[in-house]
Novice: 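Structure incoming, see below.
Just so it is clear, the structure is predicted and the values come from calculations on it, not from any experiment.
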Amino acid sequence: MNSAPEIPWKRVAGFVRQHTHDVRNGLNSLDLETTLLNELVTDGEAMASVERIQKQLRALAVQLRSLAALFQDPQPFAAPIHARVLLEIWREKHASLQDVLEVLWVDELGDERVNVDVSMMATVFHELLANATDFSTGDPVTVTARAASGQRPGSL
């Protein structure tokens, strides 16, 4: 029996916390730069542009805090579930939202099972789609679900 190595949840949470911290530092730096620009710029159009950038940076910081909060001392309840069922839960949750980005769902799954906290993963997936919506050009996003080539899915 060949099984994929399992990654402990604490390592995943630590990884996400470290990277959200790094991104937050970058956002803070950009926010400081836009504050400086706002002081130096006198043109009305440029000032409005800087203010829009500041507003967008602050909105990103709020989204990042929301995502990072999901990984603070998590107490996941992991349970085995068919990957296709998990994908269907995400599809239904996304379909029930208003004003959402169009998603093309590509299901290339077989009979794989994953060991995850369904609720936590659904929340993270929702955050990812919300971010995709915020930066969308209007084109649909494609979500492809498949097991990695030649590997069985592990658990988080």
Side-chain angles (χ1 to χ4, degrees), residues 3-31 33-34 48-156:
S3 65
E6 292 190 15
I7 302 170
W9 182 254
K10 285 187 178 195
R11 286 188 58 202
V12 171
F15 176 82
V16 170
R17 281 194 303 268
Q18 178 61 50
H19 286 284
T20 56
H21 174 77
D22 294 345
V23 172
R24 189 170 32 253
N25 284 342
L27 287 173
N28 288 339
S29 174
L30 289 171
D31 191 44
E33 290 288 332
T34 57
S49 179
V50 170
E51 288 174 6
R52 283 192 303 273
I53 292 169
Q54 285 179 312
K55 183 178 178 183
Q56 191 172 28
L57 286 170
R58 290 177 183 145
L60 287 171
V62 168
Q63 290 175 357
L64 185 63
R65 277 193 297 277
S66 174
L67 180 61
L70 297 174
F71 291 91
Q72 297 300 320
D73 298 320
Q75 300 296 320
F77 177 74
I81 184 172
H82 279 91
R84 183 168 279 130
V85 171
L86 184 61
L87 179 64
E88 190 57 37
I89 289 169
W90 292 345
R91 288 174 76 163
E92 289 172 4
K93 183 169 183 142
H94 183 72
S96 70
L97 301 173
Q98 294 179 354
D99 301 324
V100 293
L101 182 67
E102 181 182 354
V103 176
L104 303 174
W105 300 89
V106 179
D107 180 351
E108 297 178 1
L109 294 167
D111 196 31
E112 296 88 2
R113 292 178 65 81
V114 292
N115 192 28
V116 298
D117 181 318
V118 174
S119 176
M120 186 178 290
M121 291 304 291
T123 303
V124 170
F125 187 75
H126 172 70
E127 288 286 333
L128 291 171
L129 284 179
N131 285 336
T133 300
D134 289 342
F135 295 99
S136 170
T137 59
D139 295 329
V141 169
T142 300
V143 174
T144 303
R146 67 175 164 263
S149 178
Q151 296 179 359
R152 295 179 53 205
S155 55
L156 294 176

Novice: Heavy atoms only: give me the nearest V116-M121 pair and the separation to one decimal.
Specialist: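 Shortest heavy-atom contact: CB-CG, 3.9 Å.
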Novice: Nearest 0.5 Å please: distance from the CG atom of L60 over to the CG atom of L67.
Specialist: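 Those atoms lie 12.0 Å apart.
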Novice: May I ask you to decide if L109's main-chain N or O and R84's side chain share a donor-acceptor pair within less than 3.5 Å?
Specialist: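 Yes, R84 side chain to L109 backbone: donor-acceptor pair under 3.5 Å.
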Novice: Where do T34 and V50 come nearest, in terms of heavy atoms and distance?
Specialist: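 Reported closest heavy-atom pair: O-CG1, 3.3 Å.
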Novice: To the nearest 0.5 Å, tell me how far E102 CD sits from H94 NE2.
Specialist: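 So the gap between those two atoms works out to 8.5 Å.
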Novice: Taking only residues two or more places apart in sequence, or in another chain, which ones meet H19 in a side chain to side chain donor-acceptor pair (under 3.5 Å)?
Specialist: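 Testing H19 for side chain to side chain donor-acceptor pair (under 3.5 Å), a comparison that skips the adjacent residues, returns none.
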Novice: State, to 0.1 Å, how close A78 and N115 come at their nearest heavy-atom pair, and which atoms those are.
Specialist: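 Looking at all heavy atoms of both residues, the shortest contact is C-OD1, 3.6 Å.
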Novice: Could you pull out the closest heavy-atom pair between T144 and T142, with the gap in Å?
Specialist: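 Where T144 meets T142 most closely, the heavy atoms are OG1-CG2, 3.7 Å.
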Novice: Who passes ring-ring contact (aromatic ring centres under 6.0 Å, His included) against H21, sequence neighbours left out?
Specialist: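 H21 satisfies ring-ring contact (aromatic ring centres under 6.0 Å, His included) with no residue once adjacent residues are dropped.
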Novice: With sequence neighbours excluded, give me every side-chain hydrogen bond (donor to acceptor under 3.5 Å, both in side chains) pair touching residues 55-68.
Specialist: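 Sorted pair list: D31-R58, Q63-D134, S66-E127.
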Novice: Ring-plane angle category for F125 and W90, please: parallel below 30°, perpendicular beyond 60°, tilted otherwise.
Specialist: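 F125 and W90: parallel rings.
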Novice: Drop me the distance from E88's CD to I81's CD1, to the nearest 0.5 angstrom.
Specialist: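 Reported to 0.5 Å precision, the distance equals 11.0 Å.
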